[in-house]
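Sequence lines set the chain letters: A, B, ... in the order given, protein chains first and strands last, and positions in each chain run from 1.
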There are 2 protein chains.
Amino acid sequence: MSITKNDTPRVRRTPEESRANILSAAESLLVQQGPQSLRLADVAKAAGVANATVLHHFGSIDAVQQALMERMIADLVDSIMAIEIPADAPAAARADGLKTLFDAFETRGAARLAAWLELTDETSRLTVVRQAVQDVAQKKISNAGVPSDSAEDLILLSVTLAVGVGLFGPSLGKLIGKPEGRARELTLQMLLGHLERLAG
Amino acid sequence: MSITKNDTPRVRRTPEESRANILSAAESLLVQQGPQSLRLADVAKAAGVANATVLHHFGSIDAVQQALMERMIADLVDSIMAIEIPADAPAAARADGLKTLFDAFETRGAARLAAWLELTDETSRLTVVRQAVQDVAQKKISNAGVPSDSAEDLILLSVTLAVGVGLFGPSLGKLIGKPEGRARELTLQMLLGHLERLAG
DNA sequence: TTCGTTATTGACATTTTTGTCGGTAGCTCT
DNA sequence: AGAGCTACCGACAAAAATGTCAATAACGAA
C-alpha cells in the first residue's frame with residue numbers, strides 16, 4: 001500500500017487570474033446551459049479547479065453569480081458605450097450603430113444575462129443594473145442631439161427590441177423554419193425605416 | 001400525554017382539481033419569483049398541501065415543471081388562436097389584434113414562460129414548444145391571405161417583438177424612468193406603421 | 001537553500017432538497 | 001352504518017448541493 005501522489009501538478013494563479021478563470025467558466029456555463037447549471041460543482045469542474053478553490057476566492061456560490069452578473073454587465077456597458085450614433089450621422093452610420101447594439105445582445109449571451117436578471121430579480125442584485133442603465137442612458141442621451149424625452153424613447157425602443165430579438169430571435173426563427181438571423185434582419189429593417197421617418 | 005389530532009380538516013379534491021391547484025400555485029411562483037423558486041417545498045406550501053401530495057400527483061418535481069410548461073403553453077396557444085387578423089381587415093382591427101398578441105405575452109407571464117424555456121433548453125421539453133409553434137403558425141399563415149413567405153416573416157417579427165417587449169419592456173421602462181407600458185406603446189406604434197406601409 | 005505566504009486541494013461536515021412509506025381520513029357505494 | 005377506494009399527510013430516508021478545515025505545494029523573498 002503506497003502513498004498515491006497526485007499526478008497532475010497544481011497550477012497556481014494570481015487571485016485575479018483565478019477569479020477571471022472561474023468567472024469565464026461560469027459565463028460559458030450560463031450561456032450554454034442556463035442559470036440552473038451555475039452550481040458550485042459544475043462551475044468548479046468547468047474551471048478545472050476544486051470546489052474549495054471557488055469558495056476560497058468568492059466565499060459562496062451566490063457571490064460567484066453576483067460577480068458574474070457584474071462582470072457581464074460591465075462588458076455589456078463597455079460594448080454599448082463604444083457605439084457612437086450622432087444624431088446628424090448619415091443613415092448608414094446609424095444602421096451600423098444599431099447593428100452593433102443588436103450584436104452586443106445577441107452574441108456572447110448578453111441577452112441571456114438580461115433574461116437571467118429578469119427572472120431572478122433579487123432586489124439586491126438590481127443595484128448594479130440600475131447604475132449601468134443610468135450610465136449608458138446618460139451618455140447616449142447627452143450626445144443624441146435631440147430633445148431628451150424622445151431620445152429616451154428611442155433608447156428604450158432600441159434596447160428593448162435588441163435584447164428581445166437577441167434572446168428569442170434565433171429560437172423563434174429556427175422553430176418557424178427561417179434562416180438564422182432573420183428576426184434580427186426584419187427588426188433592424190423596420191427600426192431603421194422608423195428612425196428615418198422620424199428624422200425626415 | 002394525549003394524542004394530538006390535527007385541527008385543520010383535510011380537503012379532498014379530485015385528482016384533476018388537485019393537479020390544477022398545484023399547477024396554479026406553481027404558475028404564480030414562476031411569474032412572481034422566477035423558476036428557481038419552483039422547489040418542491042415551495043410549490044407544496046403555495047398550493048397548501050404536503051410535499052408528498054405533490055409527488056403523489058406528479059411523481060417528481062421535474063414532472064411538475066414539465067406539466068406547468070405544457071399547461072402554460074396550451075393557454076398561450078389558446079390566447080393566440082383566438083386572435084383573428086384578416087389581411088383585408090381595417091387598420092383598427094389589425095391594431096386590436098396586435099394589442100391582444102402583446103397582451104398575451106405581457107400579462108399572465110407568458111413572456112416569463114418563454115424566457116424560462118429559452119434558458120432551460122432541455123431538448124426533451126422543446127417538443128411541446130415546437131408543436132405549439134407549428135400549430136399557431138399554420139393557422140395564422142393560412143388565414144393571413146398573403147404569400148406564405150412574407151406571412152411567416154410577419155409572424156416571426158410580431159411574435160419576437162411581442163415576447164421581447166413583454167419580458168423586458170416593463171423593467172427597462174422603469175429603469176429609464178418611463179411610465180409603465182411605454183415600450184409596448186412605442187413598439188406597437190412602429191409595428192403598425194410598418195404594416196401599413198407594407199400593405200399600401 | 002531555506003522560509004514564509006497563500007493558492008490549492010481532498011476529506012469531511014452541514015444544509016438543503018427530493019423522494020419513500022405506512023397510516024389516516026374523506027368520499028362513494030352498498 | 002359499514003366497507004372499499006384513494007387523496008392526503010407526517011415522519012423518515014436518500015440524495016444533492018453547499019460550505020469547512022487542516023494539510024499540501026507552488027512561488028517569491030531573504
At a cut-off of 3.5 Å, list every protein nitrogen or oxygen paired with a nitrogen or oxygen from nucleotides 11-18 of chain D, distance to 0.1 Å.
{"residue": "D/dT18", "atom": "OP2", "partner": "A/L40", "partner atom": "N", "Å": "2.8"}

Just list the side-chain donor-acceptor pairs under 3.5 Å for residues 35-52 of chain B, sequence neighbours left out, or say none.
{"residue": "B/Q36", "atom": "NE2", "partner": "B/Q33", "partner atom": "O", "Å": "3.3"}
{"residue": "B/S37", "atom": "OG", "partner": "B/G34", "partner atom": "O", "Å": "2.8"}
{"residue": "B/R39", "atom": "NE", "partner": "B/D42", "partner atom": "OD2", "Å": "3.3"}
{"residue": "B/R39", "atom": "NH1", "partner": "B/Q36", "partner atom": "O", "Å": "3.0"}
{"residue": "B/R39", "atom": "NH2", "partner": "B/D42", "partner atom": "OD2", "Å": "3.3"}

Checklist outcome for this item: Going 5' to 3' through nucleotides 2-7 of chain D and flagging B where a protein heavy-atom sits under 4.0 Å of the base, S where only the sugar-phosphate is that close, and - otherwise, we get ---BBB

Checklist entry - So, do A/R184 and B/T160 sit near enough that their side-chain heavy atoms are less than 4.5 Å apart? => result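 Contact flag for A/R184/B/T160 side chains = no.
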
Checklist entry - Taking the side chain as C-beta and beyond, is there a heavy-atom pair between A/Q66 and A/F58 under 4.5 Å? => result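 They are not in side-chain contact.
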
Checklist entry - If only atom types and distance count, is the side chain of B/K99 paired as donor or acceptor with the main-chain N or O of B/L188 below 3.5 Å? => result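 Not confirmed, B/K99 side chain does not pair with B/L188 backbone.
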
Next on the checklist: My understanding is that only one of A/K139, A/Q138, A/Q131 makes a side-chain hydrogen bond (donor to acceptor under 3.5 Å, both in side chains) with A/D135; could you say which?
Outcome noted: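 Only one option passes, and that is A/Q131.
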
Checklist entry - Under a 4.0 Å N-O cut-off, is there an ion pair linking A/R19 with A/E16? => result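 No.
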
Next on the checklist: Between P on C/dT6 and CD on A/E17, what's the gap in Å once rounded to a whole number?
Outcome noted: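 So the two atoms are 17 Å apart, to the nearest Å.
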
Item to check | Name of the residue among B/E118, B/M72, B/E27 meeting side chain to side chain contact (heavy atoms under 4.5 Å, CB included) with B/L113 | outcome: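 Passing option: B/M72.
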
Checklist entry - Hey, what do you get for CG (A/L68) to CD1 (A/I73), rounding to the nearest 0.5 Å? => result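 The CD1 atom of A/I73 is 9.5 Å from CG of A/L68, to the nearest 0.5 Å.
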
